[in-house]
Structures are given as C-alpha cells and as structure tokens.
Amino acid sequence: MTRPAPQSPPTTAPSAASPHDRSGVLPAQWDPAAMEGALYQRWVQAGYFTANPASDKPAFSVVLPPPNVTGSLHLGHALDHTLMDAMTRRKRMQGYEVLWLPGTDHAGIATQAVVEKQLAANGTTRHDLGRELFVDKVWDWVRQSGDTVRGQMRRLGDGVDWSRERFTLDEGLSRAVQTIFARMYADGLIYRAERLVNWSPVLQSAISDIEVTFADVEGELVSLRYGSLDDAEPHVVVATTRVETMLGDTAVAVHPDDPRYAHLVGTTLEHPITGRQIPVIADDYVDPEFGTGAVKITPAHDPNDFEMGRRHNLAMPSIMDTTGCITSTGTRFDGMDRFAARVAVREELARQGRVVKEVRPYLHSVGHSERTGEPIEPRLSLQWFVATSGLSRSAGDAVRDGRTTIHPRSQEPRFFGWVDNMHDWCISRQLWWGHRIPIWYGPDGETVCVGPDETPPSGDGWFQDPDVLDTWFSSGLWPFSTMGWPERTLELERFYPTSVLVTGYDIIFFWVARMMMFGLYAMESDTGGDGRNPEQSVPFGDVVLHGLIRDAEGRKMSKSRGNGIDPIEWMDTFGADAVRFTLARGANPGSDLSVGDEHAQASRNFATKLFNATRLGLLNGAVAGRLPERDGLTVADRWILDRLDAVVAEHDVLAERYEIGKAAELLYHFAWDEVCDWYLELAKVQLGRDGDEPTAPATRVVLGHVLDVLLRLLHPLMPFVTETLWTALTEQESVVVASWPCPSGHDPDPTAAQQVADLQALVTELRRFRADQGLRPSARVAARVSGLGAADLEPLTDALVALARLTE
RNA sequence: GGGCGCGUAGCUCAGCGGUAGAGCACCUGUCUUACACACAGGCGGUCGCCGGUUCGAGACCGGCCGCGCCCACCA
C-alpha cells in the first residue's frame, strides 16, 4: 500500500490544495504506539488529573482497587481501569471535581513468597536472614519492581491523581490500620482465641476461609474398626478419608437414638494404635443413615469434630506440626509427613485386621490453599479474629436499604449470602511481610494494644505479637485510609464516600464486603455513633461488578494455560485506544467477556475510521463553530443533528446505568453506520467537488460540529485518538477538559428523518440493482459524476429517482 | 445441598412482546479524490426441548435437557 507522504509543513500547503484544507495539522496516519506516550505526559503535566478538594464543583470520586505492588497488570485489570477511566473522564467533562485515587497493595503472602523463592534459589531461607533483614529485602524488591504497574497504567491512559498515590504499607495507611485495630480491640470486635483454622503447611501460616478453594479429589475411603476384633465383643466401624487423623481421635460418636449403638454409649474403646481408652459419645450431629452411623472424632483436625469436642469436653490433641508432619503422638509415625502417614497408618491398621471391607476410591471435596495449592490442614492454634456478625449485618443492611447499590442487581444474592452467613474472620498470619499486630505481651501475661500515638511498653519480658495482619485487613480500609483517615482531612470531607467502586465479581467477598464493614464501623466510631448521617458512612454509593475475561474460546485466561493476553503487547500491536475500546465494548455488567485479536483489530479499525473521518472534515475545512440557524440547514444537516441529540441522550442513560458495553456499541454504530456511511457522503455532495456549493459554508460548520461532539462522546473510551483529532479540529487545548455534550434542545424533525430514510432506501435499491447488473456499485459516485452537486436533498432525491430509472 | 447465570448465524455476543441483529469469519465485486485497518453486494438461524399466557413470544409463565460459576462442616 502506498500513501502520499504527509505534507509536513502545514503552513506551506501545496497550491493544488483547496483553500479550505486544514488537514495539515494532522499526522499522515494514526500511529498509536508513537503518539500516546507524549499525550499522556502532557495531560499529567497540565495537572488535569489532580483533584482539588477546595473547588466548589460537585465531587466525583473513585478509588483504584490496588494491584499487587510487585505484580503486573493483566487484561482483567485493564478492563477495570478502562471502566473507571471512562467514568471519571466523563464526569470531569461534565464539570465534576474528580478524584481517581491510585495505589498499590503490599500483598502479604504473594510478595513474601516471591522473595522467599529468590532466597531459596540462593540456598537460604528467611529464617537464616532473620526478620528485620528479610523485611528489608522485601522492601528492596518492592522498590525495584514497583514501577511496572505505574508504567502500565500510563500506557493505558489512566487519568489517576498521581499526587495522591498510596501504598497499603506506607506510613499513613499503617496509622489507619493501627487506629482501627485499637478501636475494634477496645470494642471487643477483635479478639484472640484458640480455634481450628485453615492451615497451610507450605506457608506455615493460618489463612482465612475465603483463601481456601475446594476441589474434588480422588481419595480413599477407609473403613476401620475400633474396639474388639471379635464380633461378639463391643466394636464400632467408622470410615474416613484421612486415616492418619485417627492418631488424634479422642472419641467415637453415634446418634443418640441409634439402637445399634445404644449399649455402647458411655463405654470406652481401646485406641488400636495409642492404646488410649476413648469414649463412645452420642450427638445429634451424626447421621445414622450415613455409612455405619458411627464417626471417629478428631477435635484438633476437623471443624465438625472440633465443635463436638467442645460440646463433650473432649481432649484435643494436635498431632501435626506447622509443616504438616505427625508429631507428639508417641507412636512410630511421629515425624512422618501427613500423606506418608496416611499410607503407613492404613497399612498398620490392615496388619491388625482393622481395615474392614476393601479400601474404596472415593471422590470428595478437599480444601486447598488458594495461594500455594496444597491441601490445607485444619489445625488448632491461637489466632486473632474479627467478630464479624454485627459488622456484616450493617454491611448487608446498607445494601438492603439502598445506601449502596450493586450493579447488576443479580449479584446481590451472592453478596447477601456471604454477609449474612459470615464466620469470624481469622486475621493473623504467621508471616513477616505486612502490618504487624499492634499487641504487646508482658511478663505476667499482660496483653496491651498499642495505638498509633502510644509508646509500646518496654522492659524485661515484653514483646510484640510476631504475626502480621491479613492483607485484606488493610485493603478493607482503602476508601478512607487513602484519604488521610483518621485525620479529618479535606479529602475525606469532599470525596468520602466515594461515588462508585468498580471491580470484578470474584472479589465481592475478599474486598467489597470488608470495605463496607470497615467503612461503616470507622465512620460511626469517629462520631461515637451519633452526629453523622448514615448515608455518609458507606464507602461507596454504587458497586459496579464486571465479569472475568476469557479467551476467544471462552476459557479463563491463566498463566499456566498460556492463553493470557499481555495488555502491553496488545497495546503495542493495536494501540491503547483499541484495547480499551475492545474491553469496554465487551463489558456487559456482571457477565464474562471473551476477547481475542480479532476484537482488538476491529477496535483499531474503528480508531482509524475516526481518524479518516476527521481528516475528511479537515480537508474540507470543517470547523467546530456556532451552528447556523436551523431553518437554513439542509435535510441531511437537520437529520444528523437530530440523530446527534438522540445519541447524546441515549448514551447518557446507558452510561449512568453503567452499561458501558452498550454505550460503546451505540457510539460505534452511530459513528460508523450513520456519520461515516451516510452523513459524510451527503456532506460531500453539499460541499461540492470544489467546495463551492451554496450549501458548503453551513455544511462545514455542521460537519465540524458533528465531529466535535462525536469525538467528545468517545473521548472517555478512546482518549488518545480523540485528543489528537479534537485538538486538531477545534484548535483548543485539550478534550480532557472540554465540556460534555448535551442535546441542543431543538425538537427533532421527523420530516428530515423520513426524507433521509427514503433517500437511503432509494440509494440502497440503486446499489443493489447496479450490483446485479455488474455495474459500478457506487451510487454516490454516480450521483456526483452526474453533476448532482445538489443544494438540498429534495432535488437530489428526485435526481436519484431519475438516475435509477435511467440505469434501468 | 443452596444461590446465580447461560444455551440466538461458523465463533463471540446484543436483542427481552410486534415482520430475526452486530462484530469477526466466509463468498462476489471495487484502488470511487477520508479510509483496502476501506466501500458495495451476498451466503448464513425452525432464537436448547416441551407445554402455557397472548391477536401476536428468542422475548412472559411452568416443566425438562445441557453447560458454567459461586457458596456449603457430606464422616
């Protein structure tokens, strides 16, 4: 393909060019990769994205869900960011004082794991380094890799307020963490207890319920016999998929009404391996219909058994250490890994003749650590918890009574199901990277919570709790900790609660519910529960949940599958605008979207189309000026202006409903099918070949206006091309700070619409006819070549009718 | 076991009461002075199945089949 070189110095246009040609201000073609960076730079330098809390404009605020500080953005983030950027850019143009607050998350487990892996490669461990040195090393890593995300966000065009960027472990946020911890501790909402928690032997740490994912696993169901081997003597058969836990059994349970076992309840049976006598107890929990109707009870290693152990005051011996090896059973299995022990114990029981029936393969659901992948082990340990019942009820109420609205509505049951059935949240992690628990223990068993402005107790025997807080504890404070809470800053005053939260539906539980719990609690505790309007307490008025990104075959993108798309590579190939538009166009609330290269190509083509359309305008001297009186306009002009009004109105409705996908679709088709395919062609006729038709001057203004408005409408989704084209067209500073289009207020002219529709039908018919005849298909060319430089469409229509007849 | 959602052109998806749509793919033309990252024309669907409501149903109701996701303490 050859294309004429750009006419580089626009001031010295060749003599052949029309006197109206203003196209010199545009580059020869749209080259996104080469131009986007400079545009972004200019926006930031101009301070367009910096919020001014002192302004008197209405506020619109969004906080960015903080990505992992050492991570990199994937396409899902790009979707997130595109939606937020589109919303904030539009609101800015509408005259709001916009704050889009960026930042990153310290991502406790993930970040620590990366650095530990690096250490492992050098043959050391964090324990070799010691806590302080290790944490220093993590900070080094954070500083070194933390720029990746920022760079990616600049590429995407995110209009965030960089001057307010935050990090969950920075000083201010740490202060917020300590403050709320101290308040909740004082209120009894944070407590320490020995509980059965999900334990990751790989991390050697507790994890919360939602960090466990269940997967069906083929295991073995072993039926084993407690008591005598003589059928005439007392015995009970129980079944288990984790035989090794029998080493920690302290009871066998049956249903109270089960006649088969009534005579055994209250007696004891000998443990076949430890030799201890364990009681047979009766409890309603046992389902007599299931299996043999008898269950082995391991209180320290199974949640149900733990509860039963509490009800019946059973001993709760732990039989595994932090790495998942058998310990303190006093048997030869001590020191064995849990999976090795599973086999060894089964073999031992078989040798004793205690494995009844055959061992059956058994498909059952096993909890795995989401982060590290290995099966979790329920383990009894001393941990810190948040008492969630009151907090989660408030969070649920906020949605129930409409202070916060979830979009789409269909996601609400999922939210309620979670907040209404929440277990207490285990917040302590046996890690080193994170907010250390602000609790100090004294030599005489004292426990002191140290607030942000207090000095920790010192002296012999005092020490701080070694654990750190779950990462989601600090991210749960994000909407207000980032604005300076607990200080009463101007930012909080102006921008909290935030206007809208945008995120994927997969983190409702991790994040959304917790922000609501914390936000409500923090704001109420600020005022002692009075003073403040409850509406001010929720962290956001709207929650917009988008779907997950899948590949062209509808599969989830993942590193292991290798089907992930790197947003940077995509932007290199198609441009940031195309990537953004592709994601936005697929963003139907709450539902997943599949994307592939062909979608990005279509979006890139659309950007090029806009470029060329604007170029046509500039070639013909289109200017964005005051529109002439409507009475003097042609049918085509009146029609396109009416359409423009309608599209502006329709787009606003969709955007306010967060129907970004449909809004994008609307603009795409309006721009392409109506503006480019019809209006531009009609405008050419009205301009005339030499630009000297009587209708030409008005057409230049209408054409300029249509392009101007169209570019402003598209700017939130495609900021880069629209900036380049709009500034060229209007010769104004930047479309970022242009005003948002509103309908003209004119009544639509149905006659014009009808006449254009008739014309379209006519031309289409003519084209079809000519195609059938194997003639040149272009009616518009025919029209012009036939000398139909019409002053209006009525004569044009007549002429086309004549022409159509002629061609027959 | 509970919750949510989905099954519409080859693929990805809109449409949610009134004569079947888009993008991509495919076929046929066309370098027409904004654009071949384009233009024009075309092929292609008994809208998962069965009932019902209605003058009229992808669209509303009931049932069924298939698929996906989330939650849940099935020994």
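No experiment lies behind these values; they were computed from the predicted model shown. Chain A is the first sequence line, chain B the second, and so forth, proteins listed ahead of strands; every chain is numbered from 1.
- The aromatic rings of F606(A) and F581(A) sit tilted relative to each other, their planes meeting at an angle between 30° and 60°.
- Computed from coordinates, the L680(A) CG to C39(B) P distance equals 11 Å when rounded to whole Å.
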Sub-3.5 Å pairs of nitrogen or oxygen atoms, protein against nucleotides 68-75 of chain B:
from	atom 1	to	atom 2	distance (Å)
C73(B)	O2'	N304(A)	ND2	2.3
C73(B)	N1	N304(A)	OD1	3.2
C73(B)	O2	N304(A)	OD1	2.5
C73(B)	O2	N304(A)	ND2	3.3
A75(B)	OP2	Y362(A)	OH	2.6
A75(B)	O2'	A239(A)	O	3.3
A75(B)	N6	D287(A)	O	2.5
A75(B)	N6	F290(A)	O	2.9
A75(B)	N1	D287(A)	N	3.1

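- The C1' atoms of G58(B) and C6(B) are separated by 14 Å, rounded to the nearest whole Å.
- Of the residues near RNA chain B, N620(A) and S410(A), the one whose nearest nucleotide (by heavy atom distance) lies more toward the 5' end is S410(A).
- Comparing A38(B), C13(B), G23(B) by their nearest atom to the side chain of S594(A) picks out C13(B).
- U12(B) atom C1' lies 8 Å from atom CD of E598(A), rounded to whole Å.
- In terms of phosphate contacts, K662(A) brings a side-chain nitrogen or oxygen within less than 4.0 Å of OP1 or OP2 of G15(B).
- Between the side chains of W570(A) and D597(A), a donor-acceptor pair is found at a separation under 3.5 Å.
- Between the P atom of G21(B) and the CZ atom of R585(A) lies a distance of 18 Å, rounded to the nearest Å.
- Using C1' as the reference atom, G2(B) and C73(B) are 15 Å apart when rounded to the nearest Å.
- Look at the C1' atom in both U54(B) and C11(B): the space between them is 35 Å, to the nearest Å.
- Salt bridge present: R409(A) and E412(A) bring a charged side-chain N and a carboxylate O closer than 4.0 Å.
- A613(A) comes within 4.0 angstrom of a base, heavy atoms only.
- For the pair E220(A) and R342(A), the salt-bridge criterion is not met [side-chain N within less than 4.0 Å of a carboxylate O].
- Annotated as syn: G58(B), whose glycosidic dihedral is within 90° of 0.
- Spacing between atom CG of L618(A) and atom C1' of A34(B) amounts to 10 Å, rounded to whole angstrom units.
- Side chain to side chain, D592(A) and Y505(A) meet the donor-acceptor criterion of an N or O pair below 3.5 Å.
- As rounded to the nearest Å, G44(B) and G3(B) have P atoms that lie 44 Å from one another.
- Nucleotides U8(B) and G68(B) place their P atoms 15 Å apart, quoted to the nearest Å.
- Considering only the side chain of P413(A), G3(B) comes nearest among A34(B), G23(B), G3(B).
- Between L654(A) atom CG and G15(B) atom C1' there is a gap of 13 Å when expressed in whole angstrom units.
- Using P as the reference atom, C64(B) and C70(B) are 25 Å apart when rounded to the nearest Å.
- Using a 4.0 Å cut-off between charged side-chain N and carboxylate O, D420(A) and R400(A) make a salt bridge.
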Evaluate the criterion side chain to side chain contact (heavy atoms under 4.5 Å, CB included) for residue pair T614(A) and W726(A); output intermediate values, then yes/no.
CA-CA 9 Å; T614(A) 308; W726(A) 192 82; over 6 Å; no
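- C4(B) atom C1' lies 13 Å from atom CD of E412(A), rounded to whole Å.
- Figure legend: R643(A) and W678(A) shown without cation-pi pairing, the cationic atom not lying both under 6.0 angstrom from the six-membered ring centre and within 45 degrees of its axis.
- Counting any heavy atom pair closer than 4.0 Å across all strands shown, N588(A) reaches sugar-phosphate atoms only and no base atom.
- Residues D302(A) and P378(A) form no side-chain contact, since every pair of their non-hydrogen atoms from C-beta on lies 4.5 Å or further apart.
- Considering CG of L380(A) and CG of L196(A), their distance stands at 6.0 Å, rounded to 0.5 Å.
- Between G5(B), C37(B), A38(B), one nucleotide has an atom nearer to the side chain of W672(A) than all others, and that is A38(B).
- The side chain of N605(A) approaches C37(B) more closely than any other nucleotide in the set C13(B), C37(B), G23(B).
- For RNA chain B, if you chain together Watson-Crick or G-U pairs that step i with j, i+1 with j-1 and so on, the runs of at least three with distances under 3.5 Å are B:1-7 with B:65-71, B:10-13 with B:21-24, B:26-30 with B:38-42, B:48-52 with B:60-64.
- Contact annotation for E307(A): no contact, since no heavy-atom pair falls under 4.0 Å across all strands.
- R615(A) has its CZ atom 8 Å from the P atom of A34(B), to the nearest Å.
- A distance of about 24 Å separates the P atoms of U28(B) and A9(B), rounded to the whole Å.
- Counting atom types as modelled, K684(A) pairs a side-chain N or O with a base atom of A34(B) as donor and acceptor under 3.5 Å.
- Nucleotides C60(B) and G15(B), compared at atom C1', are 15 Å apart to the nearest Å.
- Few gaps surround CZ on R195(A); more than 12 heavy atoms of other groups in view lie less than 6.0 Å from it.
- The distance between atom NZ of K609(A) and atom P of C37(B), rounded to the nearest whole Å, is 12 Å.
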